[in-house]
Protein chains: 2
Amino acid sequence: MSQDNDFTAKTIEYEQLLEDFKQLLKKNGLKFTIQREVILETLYNSDEHLTPEALHKKIQENYPDLKTGIATIYRTLGLLENEDIVTSLSFGAQGKKYELGAKEHHDHMICTECGSITEFVDAEIEKRQHAIADALGFLMKDHSMQIYGVCAECRKKLNI
Amino acid sequence: MSQDNDFTAKTIEYEQLLEDFKQLLKKNGLKFTIQREVILETLYNSDEHLTPEALHKKIQENYPDLKTGIATIYRTLGLLENEDIVTSLSFGAQGKKYELGAKEHHDHMICTECGSITEFVDAEIEKRQHAIADALGFLMKDHSMQIYGVCAECRKKLNI
DNA sequence: CTCTCTGCAAAGCCTTTGCAGATTG
DNA sequence: CAATCTGCAAAGGCTTTGCAGAGAG
């Protein structure tokens, strides 16, 4: 569950993020609601990548008084994704998982045993990606990379 | 539609592929049916990554006499994916696209304007991926990388 | 001949949408 | 106050499944 590699880093403070979010809402004539704040906050405080359903559950646990509908989760996630505040990862058949996009760019290492996601960055790969996009005349906007395999923990357990 | 970069290469002949497929079926006590052959053949002859629906449509066009149900497409695709004959790419909300896995390993460059997918390979990136997985104690089985942006063609059209 | 496959239609997910009341600005 | 939001439940897509007849080995 918990990660202790050196590759991840939140590059933005929550207050800052919240401010940006409010700004964006205002700019688009949208309203700042408790639900939206709670969703942003929950995403911020989660090191895991969350499915809409997992996010919903987490919010229901942490804010039992606030009756948050799954529809609002979806609507807000869509909103946040449009505004590039969160990004989503698509998996095989299991749908999408969301994470805050406010971190330093990173890639994902996904354990096929336990489903955990470890993040990492590598400057060399980033550089090559740009070089390749350029070589093919492609205007690169974003990229994502996933490595699938068995994480260190599961390897110990399975002795492989 | 058509791609003319130097990065793609089919490394296996159709006859070979078909033979392997038959072998696999036999090994698992499964049967070789016209539908399965047609699906394999259509995937082989398509340079695009196909959604189950697109594949279905293509088959209906090319084999109007063969009434192929979408359920069979899904079942066969699942079978082929399990056997690592095809691999799937997941996109935002638009579901999955499948491609034959019988090519040299490659990554994907996806145009956010026209949705086209260009394949490429880069030895340096492949090498780094292994190095990173090793460094993190991860047993790497597979990986995928996508670059999102605007393809050369669309750039011309849009003048960007 | 036996066992697997297929097409069809029904059933199941996950996600989106319509609506009336609740909330924000 | 006017406009957006929310929760609920219904509606929508895409994918999977059950079944009876068709087809492969």
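Side-chain atoms are counted along with the backbone in the values below, which use heavy atoms only and exclude waters and symmetry mates. The chains referred to below are lettered A, B, ... by the order of the sequence lines, with proteins before strands, and numbering in each begins at 1. Every value quoted in this text rests on a predicted model; they were computed, and no experiment measured them.
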Could you walk me through whether A:His49 and A:His108 pass side chain to side chain contact (heavy atoms under 4.5 Å, CB included), step by step? CA-CA 10 Å; A:His49 295 64; A:His108 298 103; 3.0 Å; yes

Across the strands shown, which category fits B:Arg75 at heavy-atom distances under 4.0 angstrom: base, sugar-phosphate, nothing? base

Report the nucleotide, chosen from D:dA3, D:dT6, C:dA9, that has the shortest atom-to-atom distance to any side-chain atom of A:Arg36. D:dT6

Under 3.5 Å, is there an N or O donor on one side and an acceptor on the other linking the side chain of B:Lys31 and the base of C:dT4? no

Might you point out which heavy atoms bring B:Phe32 and B:Phe21 nearest each other, and give the distance in Å? CE1-CD2, 4.4 Å

Nearest nucleotide by nearest heavy atom, which residue falls closer to the 5' end of DNA chain C, A:Ile70 or B:Thr76? B:Thr76

At 4.0 Å (heavy atoms only), tell me whether A:Gly78 reaches a base, stays on the sugar-phosphate, or touches nothing. nothing

Using heavy-atom distances to pick each residue's nearest nucleotide on DNA chain D, tell me which of A:Thr68 and A:Gly29 is more 5'. A:Gly29

At less than 4.0 Å, is any side-chain N or O atom of A:Gln35 found next to OP1 or OP2 of C:dT23? Yes or no. no

May I ask you to decide if the ring planes of A:Tyr44 and A:Tyr14 are parallel, tilted or perpendicular, using 30° and 60° as cut-offs? tilted

OP1 or OP2 of C:dT4 less than 4.0 angstrom from a side-chain nitrogen or oxygen of B:Thr33, does that happen here? no

Using a cut-off of 4.0 Å on non-hydrogen atoms, how would the nucleic acid contact of B:Lys67 be classed: base, sugar-phosphate, or nothing? sugar-phosphate

